[in-house]
Peer 1: 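The structure's right below; bear with me while I get my questions together.
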Amino acid sequence: MARRTDDENGDGIGQCWLAKSEPSVYSIDDLRRDGSTLWDGIRNYQARNFLRSMQVNDRVLFHHSSGDPTGVVGTAVVVGLAQPDPTQFDPRSEGFDEASKREDPRWCAVTVRFGSRLAVPVTMAMLRADRSLKGMRILQRGNRLSVTPVTAAEFARVVKLGGS
DNA sequence: GCCAACGTTGGC
DNA sequence: GCCAACGTTGGC
C-alpha cells in the first residue's frame, strides 16, 4: 500500500482537520456521550470534498461555533470513510435535498469517534494570539467552511494550548 | 443583533 | 456564462 504523503512522521497519523459544530446542535459532550457519530448535515461542496478525502485515523479538532466561548474544545478521530448522508433523502430533515438521488447522492458524511475534551477551550483569541497558528483557515478573513484541513503541527499546538 | 463575506440561484 | 439578488454563516 502506498505510504500516505501527509504522514510526515510515519507515525500513522495522517491528515488533520478542524470541524465546526454549534454546541446547541451537537457539542463535544454529545460526542463524548455517544462515543461516535455520523458527521452529517454538510451542505457545502468544498467541505464535502474535504469529507471525501478523509481517511480512517485522521485527527479532528472539534470546534464550537457560535458558542460560549467560540473555539476548539476537543478532538475526534475519523473511524468511518465518507458514505452517503442519509439526511439528504429524509423530507423531514433540515438537510433534505430533493435534487439528490439515491443512485447519485450529492452529500456525504463520515463517522467520527470521541477523542478528548480539552482542559481549557482554545478560543479564537487564543488561536489568533499564537504566531504558529497564523495559517489556520479558521483564522482567515471570511472563512465559513465547516470543515478545513489543518497541519499536524497546528493540531498538536492547539491540543497543547488546550492543556491536554 | 449586526453585518461582512461567501455560496447559490435564476433571469437574461 | 455573467452577475445581481438573495440567503446563510458565524465572529464579534
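Residue numbers start from 1 in every chain, and the chains themselves are labelled A, B, ... in the order their sequence lines are given, proteins ahead of strands. Keep in mind the model is a prediction, meaning the values are calculated, not measured.
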Peer 1: Can you give me every donor-acceptor pair (side chain of residues 118-133 of chain A, partner residue at least two apart or in another chain, under 3.5 Å) with its distance?
Peer 2:
from: A:T123; atom 1: OG1; to: A:M126; atom 2: N; distance (Å): 3.2
from: A:D130; atom 1: OD1; to: A:S132; atom 2: N; distance (Å): 3.0
from: A:D130; atom 1: OD1; to: A:S132; atom 2: OG; distance (Å): 2.5
from: A:D130; atom 1: OD2; to: A:R157; atom 2: NE; distance (Å): 2.7
from: A:D130; atom 1: OD2; to: A:R157; atom 2: NH2; distance (Å): 2.8

Peer 1: Excluding sequence neighbours, so at least two apart, what forms side-chain contact (heavy atoms from CB on, under 4.5 Å) with A:A47?
Peer 2: A:I42, A:N44, A:L145, A:S146, A:V147
Peer 1: For nucleotides 6-11 of chain C, read 5' to 3', which letter fits each nucleotide if B means a protein heavy atom sits under 4.0 Å from the base, S means only the sugar-phosphate is that close, and - means neither?
Peer 2: -BBBSS
Peer 1: Excluding sequence neighbours, so at least two apart, what forms salt bridge (charged side-chain N to carboxylate O under 4.0 Å, His left out) with A:D34?
Peer 2: none
Peer 1: Got a sec, which residues hit side-chain contact (heavy atoms from CB on, under 4.5 Å) with A:P149, two or more places apart in sequence or on another chain?
Peer 2: A:Q15, A:W17, A:F50, A:R137
Peer 1: Sequence neighbours left out, what passes side chain to side chain donor-acceptor pair (under 3.5 Å) with A:R102? Give chain and number order.
Peer 2: none
Peer 1: May I ask you to list the residues of residues 85-93 of chain A, by number, that have any heavy atom positioned under 4.0 Å from an atom of DNA chain C?
Peer 2: none
Peer 1: Got a sec, which residues hit side-chain contact (heavy atoms from CB on, under 4.5 Å) with A:R52, two or more places apart in sequence or on another chain?
Peer 2: A:R48, A:N49, A:C108
Peer 1: Excluding sequence neighbours, so at least two apart, what forms side-chain contact (heavy atoms from CB on, under 4.5 Å) with A:S21?
Peer 2: A:Y26, A:W39, A:F62
